[in-house]
Number of protein chains: 2
Amino acid sequence: MRIGELAERAGVSTRTLRYYESRGLLPARRAVNGYRVYGDGDLRLVRQIRTLQDFGFGLEETRPFVECLQAGHPAGDSCPASLDVYRRKLAELDVLIGELGAVRDQVGAQLLRAEAELPGGPEPRCELRG
Amino acid sequence: MRIGELAERAGVSTRTLRYYESRGLLPARRAVNGYRVYGDGDLRLVRQIRTLQDFGFGLEETRPFVECLQAGHPAGDSCPASLDVYRRKLAELDVLIGELGAVRDQVGAQLLRAEAELPGGPEPRCELRG
DNA sequence: CTAGACCTTGACGCCTACGTCAAGGCAAAG
DNA sequence: CTTTGCCTTGACGTAGGCGTCAAGGTCTAG
């Protein structure tokens, strides 16, 4: 299939596919006229990349998965290098989530304090009515 | 004081201060020779910006706080507009943390599955020894 | 022959918060 | 006068992942 069909089937733009090729992921055979030609394996490959990107992986981080598939393994994460990426990402996520949680608490505290110091506006929920 | 001193006292670069000015935050008086001249209030202003940036606020999001201080209020969050930013940020953080948590769980699940399917490598912790 | 759909490469745009260099002005010390 | 240090504006570079022309080649239907 050519680039347009692969793009449509994978749900991405042709620009995206050319970009992946420029990054060394997703190499393409060429027809006589210079057109890129892809096989079904390439569809799996692009889908693997998109799945990881949805998880917030950068393109470089998807490379081990891509190479794993290209090496003929059943899945992108059938190789130790891919598992390492999973582990690093997990660690990163844990740190990030922790930091964001801390920030959330600080912002929440600032909000409460500032609301208490601001006389105007809507009254606090616990205000006595009547 | 001039830009170099303010930069040092605030712990930022002169480039950063000029950038803030170009964005319409942190306006500066000018000496006869064209040099920027700042007062102590500007130091508070810059510190307010940095605090918020440490919380992950974008520069635009710090504008209400800056304007609040410039209006003569005791703190950057002494104005309703600033509180609105706090609230929006809290909501954003909650959503983001939730999404990241979901991703974390999915990546963790993928890792466990892939580790189980990979025969080689270090044995699971529960393996019998000897 | 021509229109139209598809393909090619090349290159600039975007967005954020500055870093970093370039060329040159101003002021005080020696 | 010269050095030294601080200041000025201007403008390009960075990172990520493409979007969006631009100019032109290819193939097919009518």
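Remark: the backbone N or O of A/Val12 is not paired with any side-chain donor or acceptor of A/Thr16 at under 3.5 angstrom. One N or O on the side chain of B/Asp42 and one on the backbone of B/Gly39 form a donor-acceptor pair closer than 3.5 Å.
Annotation: side chain of A/Leu45 is not in contact with side chain of A/Phe65 (no heavy-atom distance under 4.5 Å). Between B/Val107 and A/Phe57, the closest side-chain pair of non-hydrogen atoms falls below 4.5 Å. Residues A/Glu61 and A/Leu52 are not in side-chain contact: their nearest non-hydrogen atoms beyond the backbone lie 4.5 Å or more apart.
Atom P of nucleotide C/dC15 and atom CD of B/Glu60 are separated by 12 Å, given to the nearest angstrom. One can place CD1 of A/Ile3 at 15 Å from C1' of C/dA5, the figure rounded to the nearest angstrom. In this structure, the CD atom of B/Glu21 is 16 Å from the C1' atom of C/dA17, given to the nearest Å. In this structure, OH of A/Tyr38 is placed 12 Å from C1' of C/dT8, rounded to the nearest angstrom. Counting to the nearest Å, the C1' atom of C/dA17 and the CG atom of B/Leu25 are 12 Å from each other. Between B/Arg30 atom CZ and C/dC26 atom P there is a gap of 14 Å when expressed in whole angstrom units. Separating the CZ atom of B/Arg63 from the P atom of C/dA17 is a distance of 11 Å, rounded to the nearest angstrom.
In this structure, the separation between CG on A/Leu6 and CZ on A/Arg36 is 11.0 Å, given to the nearest 0.5 Å.
Note on B/Arg36: a side-chain N or O is less than 4.0 Å away from OP1 or OP2 of D/dT8. For D/dC27, one of the phosphate oxygens OP1 or OP2 lies less than 4.0 angstrom from a side-chain nitrogen or oxygen of A/Asn33.
Mapping A/Glu5 and B/Tyr20 onto DNA chain C by nearest heavy atom places A/Glu5 closer to the 5' end of the strand. Each of A/Tyr19 and B/Val37 has a nearest nucleotide on DNA chain D; the 5'-most of these lies closest to B/Val37.
In terms of hydrophobic clustering, with Ile, Leu, Val, Met, Phe, Trp and Tyr side chains grouped at heavy-atom distances under 4.5 Å, A/Val103 and B/Leu59 are assigned to different clusters.
Nearest approach of A/Gln48 to A/Gly76, heavy atoms of both residues: OE1-CA, 3.3 Å. Contact between B/Glu21 and B/Tyr38 at its shortest, heavy atoms only, is OE1-OH, 4.5 Å.
Residues A/Arg63 and A/Glu60 are paired through a salt bridge, judged by an N-O separation under 4.0 Å between the basic side chain and the carboxylate.
For residues 9-16 of chain A, proximity to DNA chain D is found at A/Ser13, A/Arg15, A/Thr16, defined as any non-hydrogen atom under 4.0 angstrom from a strand atom. Listed in residue order, the members of residues 45-55 of chain B having a heavy atom less than 4.0 Å from DNA chain D come to none.
Taking the six-membered ring for Trp, B/Phe55 and B/Tyr86 have ring centres at least 6.0 Å apart.
In the helix from C/dC1-D/dG30 to C/dG30-D/dC1, the end axes, each obtained as the rotation axis mapping the C1' atoms of four pairs onto the next four within a five-pair block, lie 50° apart to the nearest 10 degrees.
Using a 4.0 Å heavy-atom distance criterion, A/Arg23 is classed as making no nucleic acid contact.
The number of heavy atoms from other shown groups lying within 6.0 Å of CD (B/Glu117) is above 12.
The nucleotide whose nearest atom lies closest to any side-chain atom of A/Arg18 is, among D/dT9, C/dC7, C/dT8, C/dT8. Taking only side-chain atoms of A/Tyr35, from C-beta outward, the nucleotide of D/dC6, C/dT8, D/dT8 with the closest atom is C/dT8.
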